[in-house]
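I'd like to ask some things about the structure below.
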2 protein chains.
Amino acid sequence: MVTEHPGRESADTDLTRALAREIYASVANKWALLLINVLADRTLRFTELQTQVGGISHKMLSQTLRHLERDGLVDRTVHPVVPPRVEYRLTEAGQALRTTVNGLCTWTHTYLDHIEEARRRFDSARAV
Amino acid sequence: MVTEHPGRESADTDLTRALAREIYASVANKWALLLINVLADRTLRFTELQTQVGGISHKMLSQTLRHLERDGLVDRTVHPVVPPRVEYRLTEAGQALRTTVNGLCTWTHTYLDHIEEARRRFDSARAV
DNA sequence: CGGTATCCGACGAGATACTG
DNA sequence: CAGTATCTCGTCGGATACCG
């Protein structure tokens with residue numbers, strides 16, 4: 001499906017390979033990034049994650065966590081106690097994403113008003 | 001829909017507000033990030049964008065471009081010639097995202113093999 | 001408490017065809 | 001060349017209910 005670009009110059013911005021593209025897409029995902037953001041430096045349990053993220057459903061939480069676990073971005077530790085206690089923390093690969101994710105958060109807050117106004121202008125211009 | 005978190009400490013990682021969350025989600029999007037990545041320093045035309053990104057459909061390209069334009073991340077310039085010539089370039093807000101997006105690309109390439117192996121381990125462990 | 005399964009609506013996204 | 005519209009289908013994502 002992905003077309004080959006033989007004469008591409010850029011090295012580390014090249015996402016033409018199927019696998020790279022797929023991984024890029026899986027992490028360029030709303031819930032995944034929000035979870036990484038919340039897990040930043042802490043170890044959190046399932047329910048804690050749900051309340052921290054806010055707005056994520058039970059299903060999406062476990063689903064996204066499993067994807068992140070599969071890709072080796074989060075580490076899942078099950079404590080054999082009752083009631084069960086499962087803890088999640090970022091692996092090294094996950095930690096390496098923190099800077100990027102944080103940049104996205106900062107950017108969002110920096111340009112929030114800017115974007116809000118851009119939308120107003122755009123919408124009122126089209127309303128004619 | 002978004003629950004209020006009165007006692008949240010972190011300032012610039014707070015995404016509990018509905019608008020912030022919505023903007024975050026709109027930019028934490030596969031096609032949007034790929035487009036920003038490709039537009040990095042160049043001004044590109046519609047068709048050029050399509051070939052550069054590779055794999056994006058006509059529809060998704062125009063749709064994503066309109067979202068980015070609405071949010072004031074890309075600038076759309078129409079040259080009144082025939083055949084029509086429309087050029088896209090990043091605005092200042094869009095440029096501000098370059099670092100972040102580039103970080104994501106670099107990360108993808110750095111951990112590509114790492115992730116591929118993590119997936120193999122995960123899948124074979126479950127196949128039991 | 002942590003997790004999966006099921007049902008079901010809403011939207012993402014490709015293919016195709018049609019205007020300026 | 002750039003863009004929109006329609007049609008279709010797969011996946012996202014919420015609600016609910018049920019196991020460990």
Side-chain angles (χ1 to χ4, degrees), chain A residues 1-3 18 21-22 24-35 38-39 43-70 74-89 122-123 125-128, chain B residues 1-3 18 21-22 24-35 38-39 43-70 74-89 122-123 125-128:
Chain A
M1 179 169 294
V2 172
T3 44
R21 178 68 71 94
E22 202 255 308
Y24 183 89
S26 79
V27 86
N29 159 317
K30 181 187 173 183
W31 295 128
L33 290 178
L34 281 171
L35 281 181
V38 165
L39 274 174
T43 297
L44 290 173
R45 301 177 58 179
F46 190 86
T47 327
E48 290 172 337
L49 278 169
Q50 187 162 22
T51 56
Q52 286 293 321
V53 168
I56 190 170
S57 70
H58 199 75
K59 175 189 175 183
M60 288 316 295
L61 178 56
S62 89
Q63 201 173 98
T64 311
L65 279 173
R66 295 196 56 90
H67 284 149
L68 292 175
E69 187 194 354
R70 184 170 110 100
V74 303
D75 201 31
R76 179 173 175 270
T77 316
V78 184
H79 299 276
V81 295
V82 30
R85 179 184 192 87
V86 183
E87 294 187 323
Y88 295 92
R89 57 177 248 274
F122 186 87
D123 292 343
R126 307 213 94 225
V128 185
Chain B
M1 179 166 296
V2 172
T3 44
R21 178 70 69 93
E22 201 255 310
Y24 183 89
S26 79
V27 88
N29 160 318
K30 179 186 175 183
W31 295 129
L33 289 178
L34 281 171
L35 281 181
V38 165
L39 273 175
T43 297
L44 290 173
R45 302 176 57 179
F46 191 85
T47 327
E48 290 171 339
L49 278 170
Q50 186 161 23
T51 57
Q52 286 293 322
V53 169
I56 191 171
S57 70
H58 199 76
K59 177 190 172 183
M60 288 316 294
L61 178 56
S62 90
Q63 200 172 99
T64 311
L65 279 174
R66 293 193 58 87
H67 284 148
L68 293 175
E69 187 194 354
R70 184 170 109 99
V74 303
D75 201 31
R76 180 173 174 271
T77 317
V78 184
H79 299 276
V81 294
V82 28
R85 178 184 193 86
V86 183
E87 293 187 326
Y88 294 91
R89 57 177 249 274
F122 186 88
D123 293 344
R126 307 214 93 225
V128 184

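So you know, we letter chains A, B, ... as the sequences are listed, proteins then strands, and number each from 1. Just so it is clear, the values below take in all heavy atoms, side chains as well, and ignore hydrogens, waters and symmetry mates.
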Nearest-0.5 Å distance that lies between atom CZ in Phe46(B) and atom CZ in Arg76(B) = 9.5 Å

Send over the distance from His58(B) NE2 to dC1(D) C1', rounded to a whole Å.
-> 9 Å

With rounding to the nearest 0.5 Å, note down the distance linking CD in Glu87(B) to CG in Leu39(B).
-> 11.0 Å

Near DNA chain C, under 4.0 Å by heavy atom, which residues of residues 76-89 of chain B?
-> Pro84(B)

Could you give the CG-to-P distance, from Leu61(B) to dG12(C), as a whole number of Å?
-> 16 Å

Value in whole Å for how far the P atom of dG14(C) lies from CD1 of Ile56(B) | 8 Å

Atom pair CD1 (Ile56(A)) and CD (Gln63(A)), whose distance is rounded to the nearest 0.5 Å | 9.5 Å

Indicate whether OP1 or OP2 belonging to dT4(C) is found under 4.0 Å from a side-chain N or O atom of Arg66(A).
-> yes

What does dT16(D) pair with, Watson-Crick or G-U, if both distances are under 3.5 Å?
-> dA5(C)

Rounded to the nearest 0.5 Å, what's the gap from CG on Asp75(A) to OG1 on Thr43(A)? Could you check?
-> 9.0 Å

In whole angstrom, what separates Leu44(B)'s CG from dC1(D)'s C1'?
-> 15 Å

Return the polar atom pairs (N/O with N/O) between nucleotides 9-13 of chain D and the protein under 3.5 Å, or none.
| residue | atom | partner | partner atom | Å |
| --- | --- | --- | --- | --- |
| dG13(D) | N7 | Lys59(A) | NZ | 2.9 |
| dG13(D) | O6 | Lys59(A) | NZ | 3.4 |

In this structure, CG of Leu65(A) is separated from CE of Met60(A) (nearest 0.5 Å) by 10.5 Å

Length of the line joining Gln50(B):CD and dC1(D):P, which is rounded to integer Å = 11 Å

Measuring from Gln50(A):CD to His58(A):NE2, what's the distance to the nearest 0.5 Å?
-> 6.5 Å

Short side-chain to backbone donor-acceptor contact, Thr51(A) and Glu48(A), under 3.5 Å | yes

